[in-house]
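Everything below concerns the one structure shown next.
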There are 2 protein chains.
Amino acid sequence: MKDQLSQKFAALADPTRRAMILRLFKGEASVSEIAEPFLEQMSLPAVTKHLQVLERAGLVVKTQDTQRRICSLNLEGLKEANEFMEQYRFMWEQSLDRLDSYLKSANAKKQSSTRSPTNGRKKQSK
Amino acid sequence: MKDQLSQKFAALADPTRRAMILRLFKGEASVSEIAEPFLEQMSLPAVTKHLQVLERAGLVVKTQDTQRRICSLNLEGLKEANEFMEQYRFMWEQSLDRLDSYLKSANAKKQSSTRSPTNGRKKQSK
DNA sequence: ATGTTATTTAACTGGATGGTTTAATAGTGG
DNA sequence: CCACTATTAAACCATCCAGTTAAATAACAT
């Protein structure tokens with residue numbers, strides 16, 4: 001069995017599963033509700049399997065409601081996956097800023113100063 | 001062939017490859033330099049293959065220097081992988097804050113106000 | 001030319017993944 | 001009990017993946 005973090009990334013390495021996660025960002029849903037957009041491309045058992053992958057990876061949790069199984073995101077799990085990048089965010093963003101301004105000045109065909117202050121990616125500190 | 005984003009996540013879904021990326025955050029390195037810490041666990045061709053996975057995923061680039069191949073991170077590539085989460089960061093952090101304070105009050109066994117201000121995770125805006 | 005160092009390719013293996021179809025399980029409502 | 005709905009399990013298949021060993025390629029040094 002793989003380590004948890006690898007399982008999480010592996011779970012994210014599939015467009016169907018990412019779409020399911022994005023769906024669940026909007027709110028919890030039963031298995032069939034989640035399956036609905038995919039049933040033209042794959043069978044229900046395939047959907048179940050994808051959900052199991054997400055569950056084993058700790059990204060989704062299921063609870064029972066009468067016959068239905070209700071799935072919802074496990075945000076803590078997603079957080080853990082993001083932490084791999086988060087861990088290096090500082091170093092990384094610094095480099096990306098340099099890259100951003102390089103690309104910008106290259107596009108603008110002018111050699112402006114080394115740091116560009118406008119940056120949609122930079123997060124506001126709430 | 002898979003979509004780029006899936007390839008990136010798949011590339012990250014392996015502890016060896018993540019370790020390689022973390023190594024490259026410290027600076028570029030030749031294949032053998034990267035391989036060195038792993039050679040007790042696997043052969044050189046295995047390392048080459050891992051690097052190829054990272055390269056195909058757009059996370060690493062290789063340039064040639066005499067006999068050596070020098071590998072370095074492609075930060076733009078990493079950024080793209082992170083954007084999947086970034087895309088939902090706002091919604092997500094809000095929920096995590098709620099979760100944080102819930103866990104905190106649960107641990108502290110006291111029903112404090114709904115928002116706890118101390119939070120190591122929250123990033124300072126540089 | 002020959003050998004040495006650095007890296008990749010080729011061919012192969014075992015095990016995981018993503019899908020299928022058919023059948024089983026479980027709860028709800030006559 | 002019986003039928004219906006919702007979901008999963010089992011068995012199977014094709015492909016991909018991570019590793020192996022042995023051989024090929026490439027650049028350099030003598």
Side-chain angles (χ1 to χ4, degrees), chain A residues 1-21 23-24 27-72 81, chain B residues 1-21 23-24 27-72 81:
Chain A
M1 185 179 287
K2 284 188 167 188
D3 62 295
Q4 270 286 298
L5 188 48
S6 296
Q7 271 187 266
K8 286 190 210 312
F9 279 121
L12 291 170
D14 182 289
T16 304
R17 288 194 292 260
R18 287 197 303 277
M20 289 172 172
I21 287 183
R23 163 66 185 80
L24 287 175
E28 56 182 30
S30 72
V31 171
S32 4
E33 283 165 350
I34 294 171
E36 192 268 323
F38 303 106
L39 289 182
E40 301 208 340
Q41 303 149 234
M42 72 187 68
S43 64
L44 228 199
V47 170
T48 293
K49 280 191 173 186
H50 279 301
L51 284 170
Q52 284 170 342
V53 171
L54 290 168
E55 213 179 354
R56 265 183 266 121
L59 297 175
V60 160
V61 291
K62 259 182 268 186
T63 60
Q64 190 135 3
D65 163 78
T66 77
Q67 305 109 305
R68 290 184 173 81
R69 271 80 175 191
I70 305 294
C71 307
S72 46
Chain B
M1 185 179 288
K2 285 187 166 187
D3 63 294
Q4 270 286 298
L5 188 48
S6 296
Q7 273 187 263
K8 285 192 210 310
F9 280 121
L12 291 170
D14 182 289
T16 303
R17 289 194 291 261
R18 287 197 304 275
M20 289 172 172
I21 287 183
R23 162 67 186 79
L24 287 175
E28 56 181 31
S30 72
V31 171
S32 2
E33 282 166 351
I34 294 171
E36 192 268 323
F38 302 106
L39 290 182
E40 301 208 339
Q41 303 148 234
M42 72 187 68
S43 65
L44 229 197
V47 171
T48 293
K49 280 191 173 186
H50 279 301
L51 285 171
Q52 284 169 341
V53 171
L54 289 169
E55 212 180 354
R56 265 182 266 120
L59 298 175
V60 159
V61 292
K62 259 183 268 186
T63 62
Q64 188 134 3
D65 163 79
T66 77
Q67 304 108 306
R68 292 181 170 82
R69 272 78 174 190
I70 305 294
C71 306
S72 46

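All chains are named by letter (A, B, ...) in the order of the sequence lines, taking the proteins before the strands, and each is independently numbered beginning at 1. Quantities reported herein were computed from a predicted structural model and do not represent experimental measurements.
With the nearest nucleotide of DNA chain D identified for both A:Lys2 and A:Val31, A:Val31 has the one nearer the 5' end.
Between A:Ala10 and A:Arg17 the shortest heavy-atom distance is O-NH2, 3.2 Å. Closest non-hydrogen pair, B:Leu12 versus A:Phe9, comes out as O-CD1, 3.5 Å. Shortest non-hydrogen contact noted between A:Glu33 and A:Pro37 is O-CD, 3.7 Å.
For residues 39-48 of chain A, the set of pairs meeting the salt bridge (charged side-chain N to carboxylate O under 4.0 Å, His left out) definition, not counting sequence neighbours, is empty.
Residues from residues 56-71 of chain B with heavy atoms under 4.0 angstrom of DNA chain C, sorted by number: B:Lys62, B:Gln67, B:Arg68, B:Arg69. Near DNA chain C, meaning a heavy atom under 4.0 Å away, there are no residues from residues 7-16 of chain B. Contacts with DNA chain C (heavy atom under 4.0 Å) in residues 44-55 of chain A: A:Pro45, A:Ala46, A:Lys49, A:His50, listed by number.
Note that CG of A:Leu5 and CG of B:Asp14 are 11.0 Å apart. Values are rounded to the nearest 0.5 Å. One distance of note links NZ of B:Lys2 with CD of B:Gln7; it measures 8.5 Å at 0.5 Å rounding.
When the side chain to side chain contact (heavy atoms under 4.5 Å, CB included) test is applied to B:Pro15, the partners found at least two apart in sequence or on another chain are A:Asp3, A:Ser6, B:Arg18.
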Ignoring hydrogens and angles, write down the donor-acceptor pairs under 3.5 Å from the side chains of residues 52-71 of chain B, residues two or more places apart or on other chains.
{"unit_1": "B:Glu55", "atom_1": "OE1", "unit_2": "B:Lys62", "atom_2": "NZ", "d": "3.3"}
{"unit_1": "B:Gln64", "atom_1": "NE2", "unit_2": "B:Thr66", "atom_2": "O", "d": "3.4"}
{"unit_1": "B:Arg69", "atom_1": "NH1", "unit_2": "B:Gln67", "atom_2": "O", "d": "3.4"}

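In this structure a side-chain-to-backbone donor-acceptor pair under 3.5 Å is missing from A:Arg23 to A:Ala35.
At the phosphate of D:dG19, neither OP1 nor OP2 sits under 4.0 Å from any side-chain N or O atom of B:Ser43.
Spacing between atom CE of A:Met20 and atom P of C:dG18 amounts to 11 Å, rounded to whole angstrom units. Distance CD (A:Glu36) to C1' (D:dA6): 15 Å, rounded to an integer number of Å.
Counting heavy atoms from C-beta outward, B:Ile34 and B:His50 have side chains that stay 4.5 Å or more apart.
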